[in-house]
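First the proteins, then the strands, lettered A, B, ... as listed; each starts at 1.
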2 protein chains.
Amino acid sequence: MKPVASTSEQILDVAQSLIVAGGYNGFSYADIADAIGIRKASIHHHFPTKAELVSALVDRYRQQTELGLKSLQEQSASPADQLQSYVDFWKACIGNASLPFCVCAMLAGEMPMLPDEVASRVRGHFHHLAEWLTSVLQAGAKQHPFRLDKRPEQEAQMLMASVHGAMLSARAFDDPGLFAVIVEPQIAKLRPPVR
Amino acid sequence: MKPVASTSEQILDVAQSLIVAGGYNGFSYADIADAIGIRKASIHHHFPTKAELVSALVDRYRQQTELGLKSLQEQSASPADQLQSYVDFWKACIGNASLPFCVCAMLAGEMPMLPDEVASRVRGHFHHLAEWLTSVLQAGAKQHPFRLDKRPEQEAQMLMASVHGAMLSARAFDDPGLFAVIVEPQIAKLRPPVR
DNA sequence: GAGTGTCTACCTACTAGTAGATAGATAAAC
DNA sequence: GTTTATCTATCTACTAGTAGGTAGACACTC
């Protein structure tokens, strides 16, 4: 029922799935062209250079992410539920292989050789995600559910690393369930110990 | 004073640093040839195909790693010290940029498009590292220093993910110190809470 | 003289990117 | 209301450069 995606959206869709699989150098204009049945030149019409294509892709990804995280907060669930929903999102993505790796985590690994315009956008995503997690942890500590050992900024960094590391392990061991096995106890540890 | 490295060792050295920077598709035979001042064809003499080159590279990396981890255990330090030494190794690598990312973690991100012979070796490294961490945690729990919330296998997976995620964050934020900020509290949490 | 290592010279396939043409839609000009 | 102009999206055909890989010659060593 949803309207047919425009060509440029299709290009970004395919490019995204190819990047998730193999990173910046893991795909070519020819791969995209073949996948959606157009010519390479048509892709250059929409995105003159590869750096521009990937920049647009990261921009779109960040916009979707920021919208999603904001709406999670505005659904007025508790901080604990917000965190759980974030984790559940990735659990689902990895489980059904729809988006089995964060685009920006993938690109972050290749940081040293990314075009500047792409690298700065990826860095921006990491900053935003860290801030979102910090604010959720802060809210959770102020109310009841969380007890933080460290400053919320630091706990947020630890959580983020755990999520990205868990994605990597799920991929390395070829075991989607491993993601939850790693991340769930990590957020459980934020709750005050049962005495 | 150490003997000049053989050509094939030099090739692996350069290839390793290029993989760490940009992954499997992030380097070419020409890059290696330029870096050590020989021709592409000479590299093919030592490593006929790229898949063989990277396979040899991962084999060498795994051998070094397994030797290093074993010697850590045999230096008869306490499990807590063994774990700390492991973390300190990466802290130093990232700090002085000598090896600012685990070769296998880098390649694991590209798993879906790696040649099978490479992918299976990378998976092997993850299995071995998980086993080593498990055995250290197990020893630490049997003696005094660690109190584990979960089964040692699971705690080992959590720790490994944290380390790899921390490498990624250090790179994404361009902040080598971030690695320790993330990992240190994670191993501190393994010690029994002060009561 | 059999290996070993390196070279020059080459190959085919693919890379990102460009040039120029075409077809259809839109809209203003007369 | 037809003409003229512009825009958008696509195409075919091409470029220069790079990818991984090969063939064969030359030397040096054991």
Side-chain angles (χ1 to χ4, degrees), chain A residues 3-58 60 106-107 110 112-119 121, chain B residues 3-60 103 106-107 110 112-119 121:
Chain A
V4 182
S6 69
T7 302
S8 64
E9 288 291 314
Q10 280 182 271
I11 292 169
L12 294 182
D13 290 344
V14 172
Q16 177 164 310
S17 72
L18 290 172
I19 284 182
V20 165
Y24 188 88
N25 289 308
F27 76 100
S28 73
Y29 274 45
D31 294 331
I32 302 174
D34 290 348
I36 65 184
I38 57 174
R39 303 294 123 167
K40 278 192 322 162
S42 307
I43 303 174
H44 282 287
H45 169 72
H46 294 278
F47 306 100
T49 69
K50 194 176 184 181
E52 287 176 77
L53 195 165
V54 177
S55 292
L57 182 113
V58 174
R60 187 184 72 156
M106 193 70 201
L107 292 172
E110 307 176 291
M113 47 123 276
L114 288 181
D116 288 348
E117 46 195 313
V118 176
R121 284 170 164 85
Chain B
V4 181
S6 69
T7 302
S8 64
E9 287 292 313
Q10 278 183 274
I11 292 169
L12 293 181
D13 290 344
V14 171
Q16 178 163 309
S17 73
L18 291 172
I19 284 182
V20 165
Y24 188 88
N25 289 307
F27 77 100
S28 72
Y29 273 45
D31 295 330
I32 302 174
D34 289 349
I36 64 184
I38 57 173
R39 304 294 124 165
K40 280 194 314 167
S42 307
I43 304 174
H44 283 287
H45 169 72
H46 295 277
F47 306 102
T49 70
K50 193 176 185 180
E52 288 176 77
L53 194 166
V54 177
S55 292
L57 179 103
V58 175
D59 284 342
R60 188 185 70 157
V103 172
M106 194 69 201
L107 292 172
E110 308 176 291
M113 47 122 276
L114 288 182
D116 288 349
E117 45 195 312
V118 177
R121 283 170 164 86

Distance in Å, [X] [atom1] paired with [Y] [atom2], rounded so as to fall on 0.5 Å steps:
X	Y	atom1	atom2	value
B/Asp59	B/Glu117	CG	CD	10.0 Å
A/Leu53	A/His44	CG	NE2	9.0 Å
A/Asp13	A/Ile36	CG	CD1	9.0 Å
B/Leu107	B/Met113	CG	CE	8.5 Å
A/His46	A/Gln10	NE2	CD	9.5 Å
A/Leu57	A/Phe47	CG	CZ	8.5 Å

Atom-pair distance ([atom1] on [X]; [atom2] on [N]), nearest Å:
X	N	atom1	atom2	answer
A/Ile38	C/dA23	CD1	P	20 Å
A/His46	C/dA16	NE2	C1'	17 Å
A/Ile32	C/dC14	CD1	P	16 Å
A/Asn25	C/dC14	CG	P	17 Å
B/Ile11	C/dG5	CD1	P	11 Å
A/Glu9	D/dA9	CD	P	13 Å
B/Asp34	D/dT18	CG	C1'	12 Å
A/Gln10	D/dT10	CD	P	9 Å

field: Name of the residue among B/Ile43, B/Ile32, B/Asp34 meeting side-chain contact (heavy atoms from CB on, under 4.5 Å) with B/Val14
entry: B/Ile32
Phosphate OP1/OP2 of [N]: any [X] side-chain N/O under 4.0 Å:
X	N	value
A/Ser28	C/dT15	yes
B/Thr7	C/dG5	no
B/Ser42	C/dC7	yes
B/His45	C/dG5	yes

Minimum heavy-atom distance between B/Asn25 and A/Gly26, given as atom pair plus value: ND2-CA, 3.8 Å
B/Lys40 (side chain) donor-acceptor with B/Ser28 (main chain) under 3.5 angstrom: no
If you restrict it to nitrogen or oxygen atoms, what contacts under 3.5 Å exist between nucleotides 21-24 of chain D and the protein, and what is each distance?
{"unit_1": "D/dG21", "atom_1": "OP2", "unit_2": "B/Lys50", "atom_2": "N", "d": "2.8"}
{"unit_1": "D/dG21", "atom_1": "N7", "unit_2": "B/His44", "atom_2": "NE2", "d": "3.1"}
{"unit_1": "D/dG21", "atom_1": "O6", "unit_2": "B/Lys40", "atom_2": "NZ", "d": "3.2"}

field: Per-nucleotide pairing state of DNA chain D [Watson-Crick or G-U, under 3.5 Å; [ ] pseudoknot-crossing; | other strand]
entry: ||||||||||||||||||||||||||||||
